[in-house]
*Asks:* 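First, the structure itself, so that you have it in front of you.
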Protein chains: 2
Amino acid sequence: MGTVTKALSLLSFFAPDRPEIGLSDLTRLSSMNKATVYRLMGELQAAGFVEQGEGDRAYRLGPQVLHLAALREASTPILSVSRRILRELSDETGETTHVSLGHDSWVQTLSHAYSPRHATKVTMEDAQTVTYHATSSGLAILAYADPQFVDSILSQPLKSHTSKTLVDPDLIRSKLEQIRQTGLADTLGSFELEVHSHAVPIFGADHRAIGALAVAAPAARMPAAQQDIIRAALRRAGAALTHRIGGRPPADYPQCAAP
Amino acid sequence: MGTVTKALSLLSFFAPDRPEIGLSDLTRLSSMNKATVYRLMGELQAAGFVEQGEGDRAYRLGPQVLHLAALREASTPILSVSRRILRELSDETGETTHVSLGHDSWVQTLSHAYSPRHATKVTMEDAQTVTYHATSSGLAILAYADPQFVDSILSQPLKSHTSKTLVDPDLIRSKLEQIRQTGLADTLGSFELEVHSHAVPIFGADHRAIGALAVAAPAARMPAAQQDIIRAALRRAGAALTHRIGGRPPADYPQCAAP
DNA sequence: CGGGTGCGGTTCATTATTTGAACCATCGGT
DNA sequence: ACCGATGGTTCAAATAATGAACCGCACCCG
């Protein structure tokens, strides 16, 4: 494990519910030597990737990450484009929508939009890290990922978030097959009970799935007619997002027909 | 220079006009050894900070930077807050507005908003890197920075972007003194000819200036009355942004009175 | 064709950096 | 005054980074 990888892995301990981390906590979390963490964080700080609080000297993410994100947005504007699409999709469906990106072994939510239509809604936080196997977004991505990538995900221990989470790799594989039939994934309560979630994959220029667009709604608000509306809207929005970021669906992706 | 710092410095060669860089180019830009660059970029890639294009194998910034930015936004939402404020400020003034963050030796623009009122306007790109001494934003930050930080900036060679750029440290220092009188900076053509730019500093929780909010307009469209409108709107917007991100102006910052 | 040039990628002995146990200073609670 | 935290520092030993040279492959051009 190279020094750079070690330093960058320290950044992965920041999370929405843990935005600030002290030196000792960080050494425990990372199980590295305290002096090592101290020096690495010092370098990250000098580069602006983290900054230190005044009082407790806890570390938090620094302004440089905003700059890099703005830079990436300037060339491949996923965020700004998806924000508009999320807004429209939320208005259209009346439910909470979000985009996520697929990473090595988890899925990260990037941005979300709420609808004012209903008082009860699924609430979210940006920058949440969720699993592939338990979310509709994750499954949508997996369904169009390399087989070896699917293997690597499914060979890890699969956490059972709820009583309805699929944890059997074979069952998940057949679910992925179903998803490929329709080009659309849905899960009912597999990540959070009473949440019915639909998702479509988002493709990059190389025809590979890079992320997903999803609609999450309370399970009680999901009669068949509403599901059809959501599915159609999601398909359209997904195609639009893929297109707007310069991506292309693979040849076998179901274009318009929807069973 | 630590290995981590070296790796992170590689990321700083990405810019709006250079979103993709090949291995050889990066080697030349960084004046490091090719093998070193290759290994470091490999580590950055494994961590998701950069990704490699299919055809030419050029590197570009990866999805992980979006995740980190979303994470920082979740705790200190500068971007999402400033977007709304920029929108309002653009509508109010009829001109191009933008926010920037101050870094070690340069200023980085983060986000901007245009006004549809005029056909001719100042155009911008996000994630641009500009100098402290030649921009109203940079001067607004410097005016409220530590004296030793001002020294370190002004002791570097100061590039003359246009014929009107201030490059004499003494002149700049007296300009900073003027800015402190009013709490507002303005430059006329010092970064780009024919652009009249106003800026106010944005403060963090520790009373230090962390960035600036600015209005940039064609110089021809700047009669005294319009300047007053812009100054008043900018002051209000700056105070609002500082407040919304949990910041506080220093005690000596001119609160409401405007000469 | 054929050779020159630039590209991404790889090797391996040399070298410089990283590592980690132990240590120090300081704070807050008991 | 003590105890157990915290952030920060030290230095010999161990490890990882380095860089000149090399490889194979496109592409270009005479």
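Chain letters run A, B, ... following the sequence lines, proteins first, then strands; residues in each count from 1.
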*Asks:* If you check the B/S24 side chain, which of C/dC7, D/dA17, D/dG8 turns out closest?
*Replies:*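 Given the options C/dC7, D/dA17, D/dG8, the side chain of B/S24 is closest to C/dC7.
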*Asks:* If I take atom NZ in residue B/K6 and atom C1' in nucleotide C/dT17, what distance separates them, rounded to the nearest angstrom?
*Replies:*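 Rounding to the nearest Å, NZ of B/K6 and C1' of C/dT17 are 9 Å apart.
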*Asks:* Give the nucleotide from the list C/dT10, D/dG8, C/dT18 with an atom nearest to the side chain of A/E43.
*Replies:*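 Selected nucleotide (nearest to the side chain): C/dT18.
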*Asks:* Within this structure, what is the CD-to-P distance between B/E20 and C/dC7, rounded to whole angstrom?
*Replies:*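 My rounded result for the distance is 16 Å.
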*Asks:* Rounded to whole Å, please give me the gap between CZ in A/R28 and P in D/dG4.
*Replies:*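 To the nearest whole Å, that distance equals 15 Å.
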*Asks:* How are the rings of A/Y253 and A/Y144 set to each other: parallel, tilted or perpendicular (split at 30° and 60°)?
*Replies:*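 Because their plane-to-plane angle is over 60°, the rings of A/Y253 and A/Y144 count as perpendicular.
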*Asks:* From the list D/dG8, C/dT18, D/dT10, which nucleotide is the closest neighbour of the side chain of A/Y38?
*Replies:*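 Selected nucleotide: D/dG8.
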*Asks:* Go through D/dA20, D/dA17, C/dA21 for me and flag the one nearest to the B/A35 side chain.
*Replies:*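 My answer, after comparing the listed nucleotides, is D/dA20.
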*Asks:* Whole Å only: how far is the CG atom of B/D56 from the P atom of C/dG9?
*Replies:*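 Nearest whole value for this atom pair: 11 Å.
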*Asks:* Starting at CG of A/L10 and ending at P of C/dT18, how long is that distance when rounded to a whole Å?
*Replies:*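 So the two atoms are 14 Å apart, to the nearest Å.
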*Asks:* Roughly, in whole Å, what's the span from CZ in A/R57 to C1' in D/dA5?
*Replies:*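 Those two atoms, CZ and C1', are 16 Å apart.
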*Asks:* In whole angstroms, how far is the P atom of D/dA20 from the CE atom of B/M32?
*Replies:*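 That distance rounds to 14 Å.
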*Asks:* Counting just side-chain N and O atoms, does B/T3 come under 4.0 Å of either OP1 or OP2 of C/dT18?
*Replies:*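 The answer is yes; a side-chain N or O of B/T3 sits under 4.0 Å from OP1 or OP2.
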*Asks:* Which residue lies toward the 5' end of DNA chain D, A/Q52 or A/M1, if each is placed at its nearest nucleotide?
*Replies:*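 It is A/Q52 whose nearest nucleotide is closer to the 5' end.
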*Asks:* Considering only heavy atoms and no angle criterion, is a donor-acceptor pair shorter than 3.5 Å present between the side chain of B/K34 and the base of D/dG19?
*Replies:*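 By the distance-only test, no, there is no pair.
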*Asks:* By nearest atom, which of the nucleotides D/dA17, D/dT10, C/dT19 is closest to the A/R39 side chain?
*Replies:*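 The answer is C/dT19.
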*Asks:* Any side-chain to backbone donor/acceptor pair from A/R180 onto A/A143? Under 3.5 Å, distance only.
*Replies:*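 Checking the backbone N and O of A/A143 against the side chain of A/R180, a donor-acceptor pair under 3.5 Å is found.
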*Asks:* Would you say B/R173 has more than 12 foreign heavy atoms packed within less than 6.0 Å of its CZ?
*Replies:*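 Yes, enclosed.
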*Asks:* Taking only the side-chain heavy atoms of B/L23 (C-beta and beyond), determine which of C/dG8, C/dC7, C/dT19 contains the nearest atom.
*Replies:*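 Given the options C/dG8, C/dC7, C/dT19, the side chain of B/L23 is closest to C/dG8.
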*Asks:* From the list C/dT18, D/dG19, C/dG20, which nucleotide is the closest neighbour of the side chain of A/T36?
*Replies:*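 From the listed options, C/dG20 comes nearest.
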*Asks:* Tell me, with the steps shown, if A/F149 and A/Y132 meet ring pair (Phe, Tyr, Trp, His ring centres under 6.0 Å).
*Replies:* CA-CA 11 Å; A/F149 180 72; A/Y132 269 103; 5.5 Å; yes
*Asks:* Determine whether B/Y114 and B/T123 make a side-chain contact, defined as any pair of heavy atoms from C-beta on separated by less than 4.5 Å.
*Replies:*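 A side-chain contact under 4.5 Å exists here.
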*Asks:* Could you check how far OH of B/Y59 sits from C1' of C/dC7, rounded to whole Å?
*Replies:*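 Result: 12 Å.
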*Asks:* Hey, which sits more toward the 5' end of DNA chain D by its nearest nucleotide, A/V4 or A/I21?
*Replies:*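 In this pair, the answer is A/I21.
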